[in-house]
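In each ligand, atom 1 is the first atom listed, and ligand 1 is the first ligand listed.
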Amino acid sequence: MKHLKAIMLAAGKSKRMKTKTPKILHPIMGKPMIDYVLDSCDAAGIEEVILVVGHEREKVMDYLEERVKYALQEEQMGTGHAVMQAMPLLEDFSGDVIILCGDMPLLSPDTLAVFINQHRKSESRVSLLTAIMGDPGKLGRIVRNKDGSVEKIVEAVDATPDELKINEVNTGTYIFDADYLREILPAIGLPNAQKEIYLTDTILISREVGEKVFAMSCPDYRESLGVNSRADMAKASKVIRERINHDLMMSGVTIYDPDNTYIEKTVEIGNDTVILPGCMIMGKTAIGSDCVIGPNSRISNSKIARGSTVVESVLNEAEVGEENSIGPFAHMRPGSKTDKLVKVGNFVEIKKSTIGEDTKISHLSYVGDATIGKHVNIGAGTITCNYDGERKHPTSIRDNVFIGSNTSLIAPVVLGEGARTGAGAVIRKDVPDWTLAVGRPARNIKKLENPDDEIMK
Ligand code: UD1
Ligand code: CA
């Protein structure tokens, strides 16, 4: 099989983004734009990518490191000039060279693979990926001859009114035979010319030298969307979101309202799980089957086991066991881990704590740096006072403990198996197994002389 390498153009300044960050590093659905294009190249079997960098190149190189080779384009003198900068790295290469842009995150690996195949079948030495769209705007137009063959590409600025009406456009994606590319590049301009050097001119020149140009159009024109602004980013994000949600639905996940559900590609979800509107599920999150998630939950880098529900809650680096009930309005922070049948109810915050089977923390609690056993009931308003202003201290609550409402557990502290605390208790010492610790009850009950007087005296 013929070898295949890529030249990817990414030297241009992205004025319309109005950003400090190089355009191709801006994330779309949690992943930098450039990663989409590079992943598609990997999937399509491209052996090596030469990235043409210029503007803000240090940041790009810091991010991509050794994943690509770099060619430097000092001054952005056009797409043809950009390709010329990559050629020294292809000096001894014979095979196919695919040229594409780093700002096309929607180009799918499938389309890329079909394009490569079709190019090879066509036996052309130059091929072009086009797209047909209703509003071609500023994109280069594909001018075809009466017999349907490609004549040239005209840039919108250089086009006649008739040419502007053409709705087949250049996606900026080409395949050239490496020898042919070397042969033809000098013909499109000199590196020192005043005007931009257009890569598109290679097409007209091919025609002139009698070289057949093969063109294939994208099955879905949206794949050719080049991202030039934050508005384009939102468009691209919508398409990627649709693709991800579609795949999940096909794999057996119910999504009530895909337009209002943001799930990143890295997320895994089991079948018969239902995702309600307004959820953002991100990073390396894995959700089992038969769960109900949402509405309105934000879940990142977390695991949720089979049969659990998460309602209006925020989870980050948390691990939820089977058949849990989380929320509404729970916050599970990094290091929270629950066993099966746990309840974490309204306005409960959990941080770096493990919670045993069948334990209930139903209302208004803060649990931090705690280890809680099985069948424990944590009363409403219980707080682990884990922080003394300098250091964090652990709380250990053994099996079958019953914590009365509004208990303050001043850590470090251990509550032995079956221990109980009275409502409002302030626990400063360990409570042994099967003992009761009662705190400070209201001592006086007196008649109110005047109901407007202060109550607590
Ligand atoms: C180019 C094509 C146009 C096509 C469009 C698709 C030319 C002359 N025109 O338009 O037919 O419809 O792409 O998006 O090729 N770049 C460099 N160095 C440069 C100039 C550009 O690396 O000197 C890079 C940009 O970073 C970008 C890509 O090339 O990734 C395309 O550049 P852009 O200016 O967006 O495209 P146009 O030249 O307007
Ligand atoms: Ca340009």
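- When each atom of ligand 1 is checked for a heavy atom of Cys101 under 4.0 Å away, the hits are 28 (C), 30 (O), 31 (C).
- Distances below 4.0 Å separate heavy atoms of Thr79 from the following atoms of ligand 1: 7 (C), 8 (C), 15 (O), 20 (C), 21 (C), 29 (O).
- Using a 4.5 Å cut-off on side-chain heavy atoms (C-beta onward), Ile203 and Val150 make contact.
- In the vicinity of Ala82, heavy-atom distances shorter than 4.0 Å reach the ligand 1 atoms 17 (C), 18 (N), 22 (O).
- Set against the non-hydrogen atoms of Ala10, the atoms of ligand 1 under 4.0 Å away are 22 (O), 26 (O).
- Only backbone heavy atoms of Met77 (N, CA, C or O) come within less than 4.0 Å of ligand 1; its side chain stays farther off.
- The Gln73 neighbourhood of ligand 1 comprises atoms 17 (C), 18 (N), 19 (C), 22 (O), 23 (O), with distances under 4.0 Å to a heavy atom of that residue.
- Around atom 9 (N) of ligand 1, the closest heavy atom drawn from Glu196, Glu155, Glu75 belongs to Glu155.
- Of all the listed residues (Gly12, Ala11, Gly78), Gly78 holds the heavy atom that lies closest to atom 23 (O) of ligand 1.
- Assignment of Thr171 to the shell around ligand 1 is supported, since a heavy atom sits closer than 4.0 Å.
- Here atom 5 (C) of ligand 1 lies nearest to Leu139 when heavy atoms of Leu139, Asp103, Ile197 are compared.
- Residues Thr173 and Ile99 form no side-chain contact, since every pair of their non-hydrogen atoms from C-beta on lies 4.5 Å or further apart.
- Ile50 and Ala86 make their closest contact through CG2-CB, 3.8 Å (heavy atoms, listed as atom of the first residue, atom of the second, distance).
- In this structure, Gln73 and His81 have side chains that are in contact, with non-hydrogen atoms separated by less than 4.5 Å.
- For the pair Met332 and Ala318, the tightest heavy-atom approach, listed with the atom from each and the gap, is CB-CB, 3.8 Å.
- For Gly226, the heavy-atom gap to ligand 1 stays at 4.0 angstrom or more.
- For ligand 1, none of its N or O atoms has an N or O atom of Gly172 under 3.5 Å away.
- Put simply, CD1 on Ile269 and OG1 on Thr285 are 8.5 Å apart, with the number rounded to the nearest 0.5 Å.
- Remark: the backbone N or O of Gly148 is not paired with any side-chain donor or acceptor of Asn145 at under 3.5 angstrom.
- No part of His81 comes within 4.0 Å of ligand 1, judged by heavy-atom distances.
- Close approach to Leu9 involves these atoms of ligand 1, each under 4.0 Å from a residue heavy atom: 22 (O), 24 (C), 29 (O), 30 (O).
- Side-chain N or O atoms of Ser251 include none that pairs as donor or acceptor with a backbone N or O of Met249 at under 3.5 Å.
- Not a single heavy atom of Val52 sits closer than 4.0 Å to an atom of ligand 1.
- In this structure, Thr384 contributes its side chain and Tyr366 its backbone to a donor-acceptor pair below 3.5 Å.
- Closest heavy-atom contact between Gly294 and Cys279: CA-SG, 3.5 Å.
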